[in-house]
Amino acid sequence: MSNEAAHPVSDSGSEERKSLNFIEQKIEADLAAGKHGGKVITRFPPEPNGYLHIGHAKAICVSFGLAAKYGGVTNLRFDDTNPEKEDTEYVNSIREDIAWLGFDWKGGEFYTSDYFEQLYAFALQLIDEGKAYVDDQTPEAIAAQKGAPGVPGTNSPFRDRTPAENRALFEQMRAGQFPEGACVLRAKIDMAHPNMLMRDPLMYRIKFAHHHRTGDAWCIYPMYDFAHGQSDSIEHITHSLCSLEFENHRPLYNWFIEQLGIYPSEQTEFARLNLNYTIMSKRKLLRLVQEGVVDGWDDPRMPTISGLRRRGFTPASIRNFADRVGVAKRNNVIDFSLLEWALRDDLNRVAPRAMAVLRPLKLVVVNYPEDQVEWMETVVNPEDESAGTRTMPFGRELWMEQDDFRVEANKKWFRLAPGKTVRLKSAFIVEYVDHLTNDEGEVTEVHVRYIENSRSGQDTSGVKAKGTLHWVHAGHAVDAEVRLYDRLFSEPSPDKDSEVDFMEYLNPDSLEIIQGAKVEPLLAEAAPGITYQFTRLGYFAADSKHSKPGAPVFNRAVTLKDGWKG
RNA sequence: UCCCCGAUGGUGUAAUGGUAACACACCGGUUUUUGGUGCCGUUUUUCCAGGUUCGAGUCCUGGUCGGGGAACCA
């Protein structure tokens with residue numbers, strides 16, 4: 001059960017929109033030119049070394065979305081060439097997150113490690129053609145020979161080994177006859193190339209590490225640059241979309257494909273998503289988890305997909321967000337408010353409404369019979385008639401929100417105060433009678449009188465109430481814990497300053513836990529996966545980790561927009 | 001120092017040589033039994049200098065500014 005299951009959302013972007021982003025323009029040009037046999041196959045290539053975040057969500061929406069738009073498919077490929085960092089746990093979470101977002105990898109599920117044998121054969125091919133060599137130098141020596149931007153590098157003394165010699169050496173590398181670090185396989189390109197990545201880049205290194213899929217079958221592993229393009233090529237990926245940081249890699253990507261004479265996949269780069277008041281680096285997110293600053297990768301304050309899910313975000317809202325963000329090559333920082341807007345926009349249409357009082361204040365309807373309970377009918381969602389109606393118990397003793405009462409108030413105050421009259425949502429209009437205070441001067445109880453013929457839907461009283469309050473019947477109320485979240489960082493760009501640790505910018509008030517909130521009976525069994533609108537408060541979802549039937553724990557996904565300038 | 005990429009309101013994204021537009025944010029109004037939603041509206045924009053052209057955000061040249069670029073990471 002989820003908001004989306006109950007209300008299938010037609011995907012955004014369906015409305016006519018003439019303008020195409022630069023990748024769509026390229027694809028249409030390619031299609032028009034009959035390139036790639038008129039096909040569009042994309043891929044999403046996560047390294048299984050962490051959890052997916054909202055930045056990946058954008059990339060997923062772009063790669064899967066574009067393929068779908070042009071009648072193609074998308075492959076999911078786990079880029080697992082570094083066994084020391086990768087794990088099956090991450091593979092599973094990545095699968096779950098992509099599926100939850102609403103995409104399926106019709107093209108298939110692949111692993112770069114599936115291609116290790118093929119990649120090895122490619123390496124031998126280059127060796128035999130004199131385009132790759134085994135280098136016995138230390139990492140330090142190789143780095144020193146790289147030169148610098150503007151300064152040409154120098155050739156390795158091992159650069160001119162014969163193909164036969166290189167082949168024998170490389171075979172020995174695979175056979176485990178050399179220790180880690182003893183040698184590497186390098187492409188023979190140009191040590192004076194202006195692009196540093198073209199200065200005889202490493203293709204293979206020795207690692208006696210256990211791989212999550214191939215186990216101990218290999219002790220040499222290909223580097224990213226020698227694996228990614230060829231993997232795309234093997235899968236006949238037509239449009240390999242990635243982030244800007246790989247622009248400098250494109251010449252290398254093309255070089256390997258050209259030298260090998262294999263399927264000409266093409267790489268196109270676009271700007272990754274940046275969101276203010278948060279961080280996107282996997283390494284930093286991991287630190288938040290490891291240092292216990294948050295409650296795991298799926299803490300509702302985390303920008304991870306699992307965190308957003310736990311917080312109460314819907315897949316449709318994230319897809320819509322990605323759509324609004326757009327695709328371009330310019331570096332960008334998106335306002336967090338756009339994400340919140342996307343959530344509200346979706347939830348306003350699909351979220352069932354419910355009554356909850358976060359900070360309860362006793363409200364006594366003094367002229368209402370002591371033992372009487374009436375079940376008031378109300379709509380489940382005013383934006384969706386098909387959602388129907390439900391009933392809520394009403395009686396003499398109710399809970400109201402502390403924030404909705406003031407002892408002193410001016411004309412702009414629409415809520416309850418001495419002399420004021422308000423509507424109790426879906427029930428009666430009530431007028432102030434008096435209130436009680438304790439020794440500290442705090443208000444402990446508010447007394448009102450209800451107007452009998454003002455019942456919701458059958459109001460003949462003629463009385464006007466400017467404000468409408470939410471409430472819960474005391475006798476039927478269920479206690480709940482409610483967790484209110486604010487942005488995790490108080491600084492728009494927590495990693496703006498390399499001198500300052502981003503942890504310095506943590507927002508100390510990013511989580512507020514409220515015990516003893518009072519919610520209407522139907523919320524007692526609320527299940528994670530469905531996000532409710534708590535009337536006048538915001539959108540809330542039961543917490544998947546801590547909520548239990550009868551003892552619910554709610555996460556606030558986002559507040560309602562508050563237009564009150566009081 | 002060299003290579004690559006980018007520059008349009010506060011933030012994003014369009015305009016594909018022909019009136020700079022859309023969304024978010026902001027501000028104001030209106031509707032409302034959610035101070036929500038909806039609806040209407042205000043404010044704010046082409047980095048600089050030359051050039052081509054009847055006409056330049058768009059093309060050319062130079063500059064400025066910003067981002068990326070050396071890993072036995074991806």
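Below, read A as the first sequence line, B as the second, and so on, with proteins coming before strands; counting in each chain starts at 1.
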Trainee: I'd like the P distance from B:C40 over to B:U52, given in whole Å.
Mentor: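 Looking at atom P only, B:U52 and B:C40 are 46 Å apart.
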Trainee: In whole angstrom, what separates A:Leu244's CG from B:A7's P?
Mentor: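 The answer, rounded to whole Å, is 11 Å.
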Trainee: For B:A7 and B:U16, measure between their P atoms and round to the nearest Å.
Mentor: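 Approximately 15 Å lies between the P atom of B:A7 and that of B:U16.
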Trainee: Does A:Thr81 place a side-chain N or O at less than 4.0 Å from the phosphate oxygens OP1/OP2 of B:A74?
Mentor: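 Looking at the OP1 and OP2 atoms of B:A74, one of them is under 4.0 Å from a side-chain N or O of A:Thr81.
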Trainee: In whole Å, what separates the P atom of B:C5 from that of B:G9?
Mentor: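 Approximately 22 Å lies between the P atom of B:C5 and that of B:G9.
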Trainee: Does the B:G68 base have a donor-acceptor partner in the side chain of A:Asn248 within less than 3.5 Å?
Mentor: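 Answer yes: a donor N or O sits under 3.5 Å from an acceptor.
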Trainee: Base, sugar-phosphate or nothing for A:Phe246? Non-hydrogen atoms, less than 4.0 Å.
Mentor: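 Counting heavy atoms under 4.0 Å across all strands, the contact made by A:Phe246 includes a base.
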Trainee: Picking from B:A71, B:U13, B:A74, which would you name as closest to the side chain of A:Ala328?
Mentor: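 It is B:U13.
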Trainee: Considering just the side-chain nitrogens and oxygens of A:Lys282, establish if one lies under 4.0 Å of OP1 or OP2 belonging to B:A74.
Mentor: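 No, because none of the side-chain N or O atoms of A:Lys282 sits under 4.0 Å from OP1 or OP2 of B:A74.
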Trainee: Do the rings of A:Tyr368 and A:Phe428 sit parallel, tilted or perpendicular, given the 30° and 60° boundaries?
Mentor: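 Correct class here is tilted.
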Trainee: Using 30° and 60° as the class boundaries, would you call the ring planes of A:Phe534 and A:Phe540 parallel, tilted or perpendicular?
Mentor: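 Parallel.
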Trainee: Check the distance between B:C5's C1' and A:His249's NE2 and give it to me in whole angstrom.
Mentor: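 It is 14 Å, rounded to the nearest whole Å.
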Trainee: With a non-hydrogen cut-off below 4.0 angstrom, is A:Gly147 in contact with a base, only sugar-phosphate, or nothing?
Mentor: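 Base, at least one base atom sits under 4.0 Å.
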Trainee: Give a yes/no answer on whether the side chain of A:Arg330 brings an N or O atom under 4.0 Å of OP1 or OP2 in B:U13.
Mentor: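 Affirmative; the distance criterion is met.
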Trainee: Check the distance between B:A74's C1' and A:Leu285's CG and give it to me in whole angstrom.
Mentor: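 Going from CG in A:Leu285 over to C1' in B:A74 covers 16 Å.
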Trainee: In whole angstrom, give me the gap between the P atoms of B:G62 and B:C2.
Mentor: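 It works out to 14 Å between them.
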Trainee: Does the separation of the ring centres of A:Tyr532 and A:Tyr539 fall below 6.0 angstrom?
Mentor: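 Centroid separation for A:Tyr532 and A:Tyr539: 6.0 Å or greater.
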Trainee: Counting primed atoms plus P, OP1 and OP2 as sugar-phosphate and everything else as base, spell out the protein contacts along nucleotides 30-37 of chain B at 4.0 Å heavy-atom distance: B, S or - for each nucleotide, 5' to 3'.
Mentor: ---BBBBS
Trainee: Round to a whole Å and report the spacing from OH of A:Tyr224 to C1' of B:G69.
Mentor: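 Going from OH in A:Tyr224 over to C1' in B:G69 covers 14 Å.
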Trainee: How is A:Val333 classified with respect to the nucleic acid when contacts are heavy atoms under 4.0 Å: base, sugar-phosphate, or nothing?
Mentor: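 It contacts sugar-phosphate atoms only.
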Trainee: Determine whether the aromatic ring centres of residues A:Tyr133 and A:Phe158 are separated by less than 6.0 angstrom.
Mentor: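 No.
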Trainee: Between A:Arg205 and B:A74, is there a contact of a side-chain N or O with OP1 or OP2 at under 4.0 Å?
Mentor: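 Yes, within the criterion.
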Trainee: In terms of relative ring orientation, are A:Trp413 and A:Trp564 parallel, tilted or perpendicular, with 30° and 60° separating the classes?
Mentor: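 Judged by the thresholds at 30° and 60°, the geometry between A:Trp413 and A:Trp564 is perpendicular.
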Trainee: Name the residue closer to the 5' end of RNA chain B, choosing between A:Met196 and A:Asp80 according to the nucleotide with the nearest heavy atom.
Mentor: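 The answer here is A:Met196.
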Trainee: Can you figure out which of B:G12, B:C5, B:C3 approaches the side chain of A:Glu247 most closely?
Mentor: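 Side chain of A:Glu247 sits closest to B:C5.
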Trainee: For A:Glu47, report the nucleic acid contact type (base, sugar-phosphate, nothing); a contact means any heavy atom under 4.0 Å.
Mentor: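 Here A:Glu47 touches the backbone only, sparing every base.
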Trainee: Just the rounded figure in Å: distance from C1' of B:G6 to CG of A:Asn21.
Mentor: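 A:Asn21 atom CG is separated from B:G6 atom C1' by 16 Å.
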Trainee: If you assign A:Gly326 and A:Val184 each to the RNA chain B nucleotide with the nearest heavy atom, which residue ends up on the more 5' nucleotide?
Mentor: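 This one resolves to A:Gly326.
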Trainee: Could you spell out the base pairing of RNA chain B in dot-bracket, with Watson-Crick or G-U pairs whose two distances are under 3.5 Å, [ ] crossing and | to another strand?
Mentor: .((((((..((((....[..))))..((((.......)))).....(((((..]....))))))))))).....
Trainee: Would you say the ring centers of A:His211 and A:Phe116 fall short of 6.0 Å from each other?
Mentor: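 Yes: the rings meet the under 6.0 Å criterion.
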Trainee: In terms of side-chain heavy atoms of A:Asp335, which of B:A74, B:C2, B:G10 is nearest?
Mentor: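 Within the option list, the nearest is B:G10.
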Trainee: What is the distance from CG of A:Asp225 to P of B:G69, rounded to the nearest Å?
Mentor: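 About 14 Å, once rounded to whole Å.
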Trainee: For atom C1', what is the distance between B:U19 and B:U58, given to the nearest Å?
Mentor: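 It comes out at 16 Å once rounded to the nearest Å.
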Trainee: Using atom P in both nucleotides, what's the gap between B:G57 and B:A49 to the nearest angstrom?
Mentor: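 Taking atom P in both B:G57 and B:A49, they lie 13 Å apart.
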Trainee: Applying side chain to side chain donor-acceptor pair (under 3.5 Å), run through A:Thr314 and A:Asp346 and close with a yes or a no.
Mentor: CA-CA 8 Å; A:Thr314 57; A:Asp346 183 36; 2.5 Å; yes
Trainee: Go through the steps for A:Glu24 and A:Lys69 under the test salt bridge (Lys or Arg N to Asp or Glu O under 4.0 Å), then give the verdict.
Mentor: CA-CA 9 Å; A:Glu24 291 169 327; A:Lys69 175 170 180 175; 3.0 Å; yes
Trainee: Calculate the interatomic distance between A:Asn332 atom CG and B:G10 atom C1'; express it in whole Å.
Mentor: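 Result: 15 Å.
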Trainee: For this output row, return yes or no: ring centroids of A:Phe246 and A:Tyr224 closer than 6.0 angstrom.
Mentor: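 Between A:Phe246 and A:Tyr224, the centre distance is under 6.0 Å.
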Trainee: What is the nucleic acid contact for A:Gln137, judged by heavy atoms within less than 4.0 Å: base, sugar-phosphate only, or nothing?
Mentor: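 Counting heavy atoms under 4.0 Å across all strands, the contact made by A:Gln137 includes a base.
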Trainee: For nucleotides B:G35 and B:G12, find the distance between their C1' atoms and express it as a whole number of Å.
Mentor: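 Result for the C1' pair: 29 Å, nearest Å.
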Trainee: May I ask you to check whether A:His249 and A:Tyr253 place their ring centers less than 6.0 Å from one another?
Mentor: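 Centroid separation for A:His249 and A:Tyr253: 6.0 Å or greater.
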Trainee: Expressed as a whole number of Å, how far does the C1' atom of B:U37 sit from that of B:U32?
Mentor: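 After rounding to an integer number of Å, I get 9 Å for this pair.
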Trainee: For A:Ala143, answer base if it contacts any base atom (sugar-phosphate contacts may also be present), sugar-phosphate if it contacts only those atoms, and nothing otherwise; contact means non-hydrogen atoms under 4.0 Å.
Mentor: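 Result for A:Ala143 = nothing.
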Trainee: List the atom of A:Asn195, the atom of A:Pro251, and the distance in Å for their closest heavy-atom pair.
Mentor: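 Taking every non-hydrogen atom into account, ND2-CG, 3.7 Å.
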Trainee: Which whole-number value in Å describes the distance from A:Leu273 CG to B:C24 C1'?
Mentor: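 Rounded to the whole Å, the gap is 14 Å.
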Trainee: Given A:Thr268, which partner from the list A:Leu241, A:Thr42, A:Ile27 fulfils the side-chain contact (heavy atoms from CB on, under 4.5 Å) test?
Mentor: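 Output: one option passes, namely A:Leu241.
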